[in-house]
Amino acid sequence: MAEGRPDIPMPLQRALLVEAGHRCAIPTCRQWPTEFAHIKPYRQVREHTFDNIIVVCPTCHARYDNTKEIDRKAMLQYKQNLAVLNGRYTESERQVLKVYAKMWAPMEEAHSEKGSLLDLMREAMGENRHTFGFGDISVSKGMWWLLSNLIEDEIITITPYYPEVEGAPPGGVVALTGKGLEFIRRMVAAEPL
């Protein structure tokens with residue numbers, strides 16, 4: 001801590017770490033170890049509050065404080081998006097979203113010369129309305145209920161395996177919908193969910 005600055009109280013540290021899942025709150029990062037970053041600088045606000053602190057890794061913290069590569073508006077939105085994600089989706093659902101978020105940035109960069117990744121993927125989806133081939137996740141049928149909010153919100157679809165593989169548990173393939181593509185894009189771009 002800076003000289004003369006009080007430590008962040010342990011109950012507040014715990015709440016912040018739980019909010020971020022003990023990982024960096026930046027969806028394309030999610031690394032650890034983590035640090036506590038004041039969204040508005042401590043020297044301005046002179047207090048530690050839940051709404052003004054976000055958990056990030058040391059690299060993202062430096063990208064925010066030192067290089068300004070991550071701006072305050074993005075940091076505020078990442079913080080607000082944590083509330084939406086944690087309030088609506090289970091840990092299993094957030095893990096699925098994390099998989100897609102980590103894939104998004106490198107794919108978007110690779111396709112930037114050809115147009116927006118979102119437009120290219122929608123065009124490739126055509127009438128299918130789902131993204132088979134983009135980070136498909138295989139899920140046993142007994143686990144589908146763990147993804148029920150993502151399904152209900154039309155972020156993902158699950159298509160059963162055909163034909164069933166002998167000896168394998170019944171299951172299906174998770175794929176993003178068009179709405180899901182937009183959700184991931186917004187999540188990664190620090191836009192409101």
Side-chain angles (χ1 to χ4, degrees), residues 16-40 50-125 130-139 146-147 149-150 153-156 173-193:
L16 291 162
L17 288 165
V18 167
E19 175 193 47
H22 289 261
R23 293 191 170 273
C24 181
I26 310 297
T28 55
C29 181
R30 303 298 292 153
Q31 296 297 310
W32 57 274
T34 59
E35 300 176 347
F36 301 100
H38 286 81
I39 299 169
K40 290 182 184 171
F50 183 83
D51 291 339
N52 190 48
I53 301 174
I54 189 167
V55 173
V56 292
C57 71
T59 301
C60 289
H61 198 171
R63 290 172 61 209
Y64 177 59
D65 282 348
N66 302 334
T67 68
K68 308 299 183 210
E69 188 179 332
I70 301 172
D71 65 11
R72 184 172 298 155
K73 183 176 178 182
M75 222 34 128
L76 283 166
Q77 194 59 60
Y78 287 134
K79 179 73 173 178
Q80 290 171 4
N81 287 352
L82 282 172
V84 171
L85 293 169
N86 291 339
R88 174 69 179 149
Y89 300 109
T90 66
E91 178 61 25
S92 298
E93 291 170 315
R94 291 191 307 269
Q95 290 296 323
V96 168
L97 293 171
K98 179 178 91 171
V99 167
Y100 288 121
K102 287 189 81 84
M103 281 188 265
W104 187 266
M107 289 189 68
E108 187 173 49
E109 192 174 301
H111 289 85
S112 64
E113 293 177 7
K114 301 173 190 167
S116 102
L117 178 59
L118 188 61
D119 291 340
L120 291 168
M121 291 188 79
R122 282 190 177 139
E123 184 180 313
M125 286 165 58
H130 48 73
T131 60
F132 288 118
F134 175 69
D136 293 340
I137 301 167
S138 182
V139 182
L146 290 172
L147 305 176
N149 291 320
L150 289 175
D153 293 349
E154 299 176 346
I155 304 294
I156 63 168
V173 176
V174 174
L176 284 172
T177 64
K179 186 176 176 181
L181 282 170
E182 177 64 18
F183 188 91
I184 295 298
R185 186 199 66 75
R186 295 179 74 78
M187 193 171 108
V188 169
E191 294 178 5
L193 301 176

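We use all heavy atoms of the structure for the numbers below, so side chains are in, but hydrogens, waters and symmetry mates are not. This one's a predicted model, so the numbers in the text were calculated from it and none came from an experiment.
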Practice problem: Determine the minimum heavy-atom distance between Ala37 and Val56, stating which atoms define it. | Solution: CB-CG2, 3.9 Å

Please table the atom pairs, donor to acceptor, closer than 3.5 Å between any side-chain atom in residues 17-25 and protein atoms at least two apart or in another chain.
residue, atom, partner, partner atom, Å
Glu19, OE1, Lys79, NZ, 2.7
Glu19, OE2, Lys79, NZ, 3.4
Arg23, NH1, Arg30, O, 3.1

Quiz item: Does some side-chain heavy atom of Leu97 sit less than 4.5 Å from a side-chain heavy atom of Met187?
Solution: yes

Self-check item: Note, Gln31 side chain near Ile26 side chain (heavy atom, < 4.5 Å)
Solution: no

Quiz item: At what distance, to the nearest 0.5 angstrom, does CG of Asn52 lie from CE of Met75?
Solution: 11.0 Å

Quiz item: CG/Leu176 to CZ/Arg185 distance, rounded to the nearest 0.5 angstrom?
Solution: 13.5 Å

Practice problem: Go through the structure and list residues passing ring-ring contact (aromatic ring centres under 6.0 Å, His included) with His61, not counting sequence neighbours. | Solution: none

Quiz item: Is it true that the side chains of Glu93 and Thr90 contain a donor and an acceptor less than 3.5 Å apart?
Solution: yes

Exercise. Drop me the distance from Lys98's NZ to Glu91's CD, to the nearest 0.5 angstrom.
Key: 8.0 Å

Quiz item: Rounded to the nearest 0.5 Å, what separation is found between the OG1 atom of Thr59 and the CG atom of Asn66?
Solution: 11.0 Å

Self-check item: Residue pair Val188 / Tyr78: nearest heavy atoms and the distance that separates them
Solution: O-OH, 3.4 Å

Quiz prompt | Asp153 backbone acceptor or donor facing Lys179 side chain under 3.5 Å | solution = yes

Quiz item: Given Ile156, which of Asn149, Leu147, Thr177 fulfils the side-chain contact (heavy atoms from CB on, under 4.5 Å) condition?
Solution: Leu147

Practice problem: Taking all non-hydrogen atoms of both residues into account, name the closest pair between Leu85 and Phe183 and its distance. | Solution: CD2-CZ, 3.9 Å

Quiz item: Does Cys29 offer a backbone N or O that forms a donor-acceptor pair with the side chain of Lys102 under 3.5 Å?
Solution: yes

Exercise. Could I get the full list of salt bridge (charged side-chain N to carboxylate O under 4.0 Å, His left out) partners for Arg186, not counting sequence neighbours?
Key: Glu182, Glu191

Quiz item: How many angstroms lie between atom OH of Tyr100 and atom CD1 of Ile155, to the nearest 0.5 angstrom?
Solution: 11.5 Å

Quiz item: Looking at Ile70 and Tyr64, what are the two nearest heavy atoms and their distance?
Solution: O-CD1, 3.1 Å

